[in-house]
Protein chains: 2
Amino acid sequence: MARAASSDRMAAAPPPPEGTPEPPVGRKSSRSATPRTPRRARQVEAKRTAILDAALGLFSRLGLHGTTVEQIAEQAAVSKTNLFYYFASKEEVYVAVLRRLLDEWLAPLRALERDSDPARAIGEYIRRKIMFSRAHPEASRLFCLEIVRGAPLLRRELETSLKQLVDAKAEVIRAWSESGRLAPVDPRHLIFAIWATTQHYADFAAQIDALLETGLDDEAFAEEAVCNIQRIILDGLRVRSPD
Amino acid sequence: MARAASSDRMAAAPPPPEGTPEPPVGRKSSRSATPRTPRRARQVEAKRTAILDAALGLFSRLGLHGTTVEQIAEQAAVSKTNLFYYFASKEEVYVAVLRRLLDEWLAPLRALERDSDPARAIGEYIRRKIMFSRAHPEASRLFCLEIVRGAPLLRRELETSLKQLVDAKAEVIRAWSESGRLAPVDPRHLIFAIWATTQHYADFAAQIDALLETGLDDEAFAEEAVCNIQRIILDGLRVRSPD
DNA sequence: GTCTATAGGCCGATAGAC
DNA sequence: GTCTATCGGCCTATAGAC
């Protein structure tokens, strides 16, 4: 029933021109005896997922315009015609990929809680973000591409759900600063700094690889990145004068 | 053919076949009496520059594949045919744009000198980087796009001249840390952190605008960004225990 | 040098058989 | 649902007049 799920999400956030045109799922109740999740529906979902997975990899490297439908189809092991049976257009695939990732992308920020110890919570946030970049570098790059383009397809989500989340968490951080449990910073710039430093390891992986011949793939390097970013952001660089 | 050929080039080699193919300047020494910079050559240069300026704006928003030659020509106020008189292909324009920007992009890092006061030098570096992002957001975004794509056209430069520069400056930073004038950090991660935080304001401008309805265009916001990033990186967030 | 006209390829999307 | 075949449009790049 992924269909329904995605439709609901669409409703929550007005996407491209029109909503998701209902896919050609055979009327599901024609045979009254079939179970809730008919084999058919599951197969459909599996195929859609394969297509989205393939598309993510390609879009994240080549962009929307640099990727051809044929490449996606080949990567997903379906025919081009068949792909158009599941998705009405290339843009629809693109939007579906973005949507599928958005929640997961924001999960680490949601976890920032007022009651935690500030330094601990921020350190943990940094770790989670880097680990997400490590686990899903393609997702990070795809968002990067979309935003550099001016976020034509994501703008509304940014302005609504993301803004809401950021405002709430900025409030948490501001409270920490005001109660003296955290040094005074503008929470918004802090959030940007954390996003930037952590996502950098995925988005600029090619640069890091060219310079250091390593990257987040290497677990030791990832750990190094976490520690250094935590230290930089939490402790800073300035040497504390001995009293 | 155009597409296929371009794909081959892209995949095959970092810089295109030859360096900057000499523009169709009439042989400049044919008339021995003409000055060093003949009017012709200057006009040619002016037109090439107009094309590159237009291309930068478009490539940085739409990417190589999302931009059409006709858009570039229109923006530069030349005909499409005429553009092809000055540049052999769209890729050639793209590479020329990147090349033209590279030096300028790296200038702030070159300015990091061993003899400076570490905290001051780093603070100044942060300021310069943000001010560059402010003055040339399109350049920043174009580099971002190119690197996200895996830097097919810039890789060689990254591996040679950039690596050399980074190695040298990392050494400067390491010396600062070792002499106790700077807190201990891995210089490479520090450089990445500074790049990431500062370029973020240009590359993710659409996101910042969606969240805050402002951006580096606003001078006050730019100043705010500089101060906050300086504070975060130099002083950190952790509250210093009162002895 | 600059134009008009057009070649020629790639690609997104559809028709229609099975 | 999946295939083969193909259309029509867009886009890069060139030919050839002036």
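In the text below, chain A, chain B and the rest are named by the order of the sequence lines, each starting its count at 1.
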Rounded to whole angstroms, how far apart are [atom1] on [X] and [atom2] on [N]?
X	N	atom1	atom2	result
A:F84	D:dC7	CZ	C1'	13 Å
A:K90	C:dT14	NZ	C1'	17 Å
A:L83	C:dT14	CG	C1'	14 Å
A:E70	C:dG9	CD	P	16 Å
B:E74	D:dT12	CD	C1'	17 Å
A:E91	C:dA13	CD	C1'	12 Å
A:F87	C:dA13	CZ	P	13 Å
B:Q43	C:dG1	CD	C1'	11 Å

Quiz item: Does A:Y86 make a side-chain N or O approach to OP1 or OP2 of D:dT2 shorter than 4.0 Å?
Solution: yes
Quiz item: Does a side-chain N-to-carboxylate-O contact under 4.0 Å join A:E146 and A:R149?
Solution: yes
Practice problem: Salt-bridge test for A:K90 and A:E70: reply yes if a basic N is under 4.0 Å from a carboxylate O, no otherwise. | Solution: no
Quiz item: Just wondering, more than 12 heavy atoms not from A:E74 lying within 6.0 Å of its CD?
Solution: no
Quiz prompt | Nearest-0.5 Å distance, CG of residue A:L112 to CZ of residue A:R128 | solution = 9.0 Å
Quiz item: Measuring from A:L216:CG to A:H200:NE2, what's the distance to the nearest 0.5 Å?
Solution: 10.0 Å
Self-check item: Nearest heavy-atom neighbours spanning B:D103 and B:R110
Solution: OD1-NH2, 3.7 Å
Using the 3.5 Å cut-off, write out each protein N or O paired with an N or O of nucleotides 3-7 of chain C and the distance between them.
residue	atom	partner	partner atom	Å
C:dC3	OP2	B:S79	OG	2.5
C:dT4	O4	B:T81	OG1	3.1

Quiz item: Out of D:dT12, D:dT2, C:dT2, which nucleotide sits closest to the side chain of B:Y85?
Solution: C:dT2
